[in-house]
Participant: 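Would you mind keeping the following structure in view while I ask a few things?
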Amino acid sequence: MELKDNINLPLDKFINLSLYDKKHGYYMKKNPFGEKGDFITAPNISRLFSEMIAIWILSFWQSLGSPKKFNLIELGAGNGVMMKVLIDSFKSFPVFSKSCNIFIHEKSNSLIKIQKKNLKKSKIVWLSSLDHIKKNPSIFIANEFFDSIAIKQFQKKGNLWFERFVNFGI
């Protein structure tokens, strides 16, 4: 996107461009996670975080009646570290592992490459759209995914609501 003289963008479009623009988006060209990145998330600090999530997933699967086929979908898997620990943890539960179809929903091709490197030899399907998930019972997990969703924001002045915009006055 080229900026002309004066542009007003709704906040959601500004966030989306900032994070996911193919050429300049924050998550599209580099790995922001880990010691060499801009921030560290809980799965990168300790395996314990992801192991606790694994126990919760197993427990929730059992509360669903231990379906013979179900979907586990991670939204925005970052560098894939959490899913790696989950899969390692699930190996101790063969009935669960056999029942589980694992999907990762990720927008960034550069992060997908990192995830595939960290998750090699794992049976995972990467999705660009959630429309391609089989109609099995599904468990969705996400760590800091919702922090990167483009949102609309409104401000009330008097009795009127106004959408918040970002202005590029050049």
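Quick caveat: nothing in here was measured; it's all calculated off a predicted structure.
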Participant: State whether the side chain of S18 and the backbone N or O of F14 hold a donor-acceptor pair below 3.5 Å, judged by distance alone.
Facilitator: yes
Participant: Tell me whether F60 shares a hydrophobic cluster with F93, the cluster being built from Ile, Leu, Val, Met, Phe, Trp, Tyr side chains joined at under 4.5 Å.
Facilitator: yes
Participant: Could you pull out the closest heavy-atom pair between L86 and A54, with the gap in Å?
Facilitator: CD2-N, 3.4 Å
Participant: Decide if atom NZ of K69 counts as having more than 12 heavy atoms of other residues, nucleotides or ligands within a radius under 6.0 Å.
Facilitator: yes
Participant: Any non-hydrogen side-chain atom of F70 less than 4.5 Å from a side-chain atom of L64?
Facilitator: no
Participant: Please give me the minimum heavy-atom distance between F145 and G76, naming the atom from each residue.
Facilitator: CD1-N, 3.8 Å
Participant: Step by step, would you call M83 with Q115 a side-chain contact (heavy atoms from CB on, under 4.5 Å)?
Facilitator: CA-CA 9 Å; M83 184 58 77; Q115 293 161 10; over 6 Å; no
Participant: Side chains of L48 and E51: does their closest heavy-atom pair fall under 4.5 Å?
Facilitator: yes
Participant: Can you confirm whether S122 sits close enough to I102 that some side-chain heavy atom of one is under 4.5 Å from a side-chain heavy atom of the other?
Facilitator: no
Participant: For atom CZ of F140, decide whether the heavy atoms of other residues, nucleotides or ligands shown that lie under 6.0 angstrom number more than 12.
Facilitator: yes
Participant: Are any non-hydrogen side-chain atoms of N16 and K107 less than 4.5 angstrom apart?
Facilitator: yes
Participant: Is there a side-chain contact between L72 and W61, using heavy atoms and a 4.5 Å cut-off?
Facilitator: no
Participant: Does one hydrophobic cluster hold both I141 and I104, with members joined at side-chain heavy-atom distances below 4.5 Å?
Facilitator: yes
Participant: Is it the case that the side chain of N71 and the backbone of K134 share a donor-acceptor pair, with hydrogens and angles ignored and the cut-off at 3.5 Å?
Facilitator: yes
Participant: Parallel, tilted or perpendicular for F33 and F39, by the 30°/60° rule?
Facilitator: perpendicular
Participant: If I compare all heavy atoms of K91 with all of S97, which pair ends up nearest, and what's the gap?
Facilitator: N-OG, 4.0 Å
Participant: Any side-chain heavy atom of W56 within less than 4.5 Å of one from I139?
Facilitator: yes
Participant: Are V125 and N101 packed together at the side-chain level, in the sense that at least one heavy-atom pair is separated by less than 4.5 angstrom?
Facilitator: no
Participant: Count I, L, V, M, F, W, Y as connected when their side-chain heavy atoms are under 4.5 Å apart, and connections chain through other members. Are I151 and W161 then in the same cluster?
Facilitator: no
Participant: So P43 and N143, do their side chains get closer than 4.5 Å, heavy atoms only?
Facilitator: yes
Participant: Check whether Y20 and I114 end up in the same hydrophobic cluster, where Ile, Leu, Val, Met, Phe, Trp and Tyr are linked by side-chain heavy atoms less than 4.5 Å apart.
Facilitator: yes
Participant: OG/S89 to CZ/F96 distance, rounded to the nearest 0.5 angstrom?
Facilitator: 10.0 Å
